[in-house]
Amino acid sequence: MLGRSRLSRTGSFRPENLGQNALHMIGHLCFTLFVIGVLVFTIIAATYEPKNPIFHPSTKIETFLTSSSNATFRSDNTVVRTGEDFMVSNQTAFATFINAKDVVETKEGSADEISLSRCEGDWKEPIDCKDPEVFHLMMKVVIERFEDIHFYQFGKPAPGPKENTCDMAWQFRPKEGKTVAFLKDYRRFVIKRSKKCKLSVVSIGDYHSGVNARKKKRKNQKPGFEQGGVPLPVVGEPINDSLPVVESEIAFSRGKYLIYAGGGDRCKNMNHYLWSFLCALGEAQYLNRTLVMDLTLCLSSIYTLSNEDEEGKDFRFYFDFEHLKETASVLDQQQFWEDWNEWQRQDGLTLYLVEDSRVTPMQLSEVKDSLIMRKFGSVEPDNYWYRVCEGETESVIRRPWHLVWKSRRLMDIVSAIASRLNWDYDSVHIMRGDKARNSDLWPNLAQDTSPNTLISTLQGKIEDGRNVYVATNEPNMSFFYPLKDKYSTHFLEDYKDLWDENSEWYSLTKELNYGIPVDFDGYMRASVDTEVFFRGKKQIETFNDLTDDCKEGVNTCNTATS
């Protein structure tokens, strides 16, 4: 019996069964490897966070931002650009986003007309803006009409004020766009239905004319686009830049805060302000503390209409505070002190005072007090905030450029101007006089450019008859008359209705300023002028640019901004 049992156990290894057993073993092994592979892939997919090219600048940009040279703000007025100017350096992250043109079927015949698949009722009845065929027609017409923009998505049409009008919104970027931000437009369509049940678009309104398609931003609504967890602005969307408020006494008492007080940075040029502010913001992030910031700025006399320093300017006039508060921990100084005075004693909140800028953030990393206050003296230049980020600190504190964006209220004006030019124009930049040589936004400028020099410079670079936007500080427009014989010229002043008392910008900034009208000051003008310039298909500059691609004299450069 024992012998039979032993034979039966080993019978499977008889020669005639070896091939079959080998196949079974190989099958089991392959299945096991497959299961292990799926498990490993699932774990990697769930935990891996790839580097985003948008937020990992090229070596050239990274070198500029993290230079080991002395961090002192330079007196030659070198441009310190905002975050989107550097993020745009690597646009490949947007190269594959959906083109709405690919999902709208193109039919033969006129782009402005379609035949309804069904025809019921009176042809004179109001247009149903929710009808999918109406929606399709509107999308098709827009795509065919605006050839120089790349559509991302369309919103569903909304009824207009009249029975034959519909409003529709869409998000887009220019095809040759030098912009990180997405843009939003909403326009009013006049639609006609014939007796033969054919729909046609009679006209499309101007930029932002379709106000019924503009959705109000809900409270705490998350941004529609994010890269690496950081929201990207959509220029044209409603803005929610209300001041952040601490939810409760408990939340306030548990928080850790950093504040900079005093110093000689007040009323300096805007580049100086940003260089110092971003040092403070960088230190707050390093210490994992909330930065308590003063949202009221002193605007330097070089930008004001009065030619005098002007206090009381709101940070939100110039920069995107909504983006800042969504991506960094910040509080308004006035609100903070109200909460501090109310709860400091009863909750035992303590303050740690630092009066020497040579005390490094690394030395403060173990401080447990609720508030660290850096107090700066009255002796310039040692009392500048950016002194904190010099020396050994420079290699530790990285200024968070990506958190500070230009005001979307200003960028909306930029988009409106480019839209009126159908995003199909070239641009030239000309600065003249002492302001050119001392320009804060355009450094290292060449000497004055004469009309004859300008004509010869543009010859062969810009085709005759093209729309040409001229960004300039020259008030005498007769200087540019020779250009009108060859090109259709456009200037910032041609679009002053975008910031006059009847404009959306005027009403929004007035509301933000507690009912007091806001001047469209020199810094705003220069910001808009240069941003429109940077959106030109060809950009001819009459100065020595900062980039290595632009050399002395008059150049064709491809500098990119938001």
Determine whether [X] and [Y] make a side-chain contact, defined as any pair of heavy atoms from C-beta on separated by less than 4.5 Å.
X: Trp405; Y: Phe319; value: no
X: Arg345; Y: Asp347; value: no
X: Asp314; Y: Thr296; value: no
X: Arg387; Y: Thr393; value: no
X: Phe182; Y: Phe172; value: no

[X]: partners by side chain to side chain contact (heavy atoms under 4.5 Å, CB included), with sequence neighbours left out:
X: Ser427; value: Tyr425, Tyr469, Phe533, Gln539
X: Lys375; value: Leu353, Glu355
X: Glu247; value: none
X: Glu366; value: Lys368

Main-chain N/O of [Y] paired to [X] side chain as donor or acceptor, under 3.5 Å:
X: Glu322; Y: Asn240; answer: yes
X: His323; Y: His402; answer: yes
X: Trp401; Y: Leu278; answer: no

Regarding Glu283 and Arg374, does a basic nitrogen lie under 4.0 Å from an acidic carboxylate oxygen?
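Yes, this pair counts.
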Short N-O contact, Glu392 and Arg358, less than 4.0 angstrom:
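No.
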Listing request: all disulfide bond (SG atoms under 2.5 Å apart) pairs with a residue in residues 318-368, at least two apart in sequence or in separate chains.
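Listed once each, the pairs would be none.
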How would you list, by chain and number, every residue that makes a side-chain hydrogen bond (donor to acceptor under 3.5 Å, both in side chains) with Thr350, sequence neighbours excluded?
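Partners of Thr350 by the side-chain hydrogen bond (donor to acceptor under 3.5 Å, both in side chains) criterion, ordered by chain and then number, come out as Asp369.
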Under 6.0 Å from the CG atom of Asp497, do we count more than 12 heavy atoms belonging to anything else shown?
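Result for CG/Asp497: enclosed.
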Does the Lys NZ or Arg CZ of Arg399 fall within the cation-pi geometry relative to Trp275 - under 6.0 Å from the ring centre and within 45° of the axis?
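Yes - Arg399 lies over the ring of Trp275, closer than 6.0 Å to its centre and within 45° of its axis.
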Please name the residue in the list Phe277, Tyr386, Trp385 that meets the ring pair (Phe, Tyr, Trp, His ring centres under 6.0 Å) test with Tyr260.
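Going through the options one by one, the only one that passes is Trp385.
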Check Tyr318, Tyr523, Phe317 against Tyr303 for a ring pair (Phe, Tyr, Trp, His ring centres under 6.0 Å) and give me the one that passes.
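Per the ring pair (Phe, Tyr, Trp, His ring centres under 6.0 Å) rule, the option paired with Tyr303 is Tyr523, out of Tyr318, Tyr523, Phe317.
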Tell me which one of Lys510, Arg409, Arg214 satisfies salt bridge (Lys or Arg N to Asp or Glu O under 4.0 Å) with Glu504.
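It is Arg214; the other options fail the test.
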Decide salt bridge (Lys or Arg N to Asp or Glu O under 4.0 Å) for Asp185 and Arg187; before the verdict, give the C-alpha distance in whole Å, the side-chain angles of both, and the deciding distance to 0.1 Å.
CA-CA 7 Å; Asp185 196 359; Arg187 302 201 184 201; 2.6 Å; yes
Quick one about Asp412 and Tyr207 (side-chain donor to acceptor, distance below 3.5 Å, no hydrogens or angles considered), yes or no?
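A pair is found: one side chain offers a donor N or O, the other an acceptor, under 3.5 Å apart.
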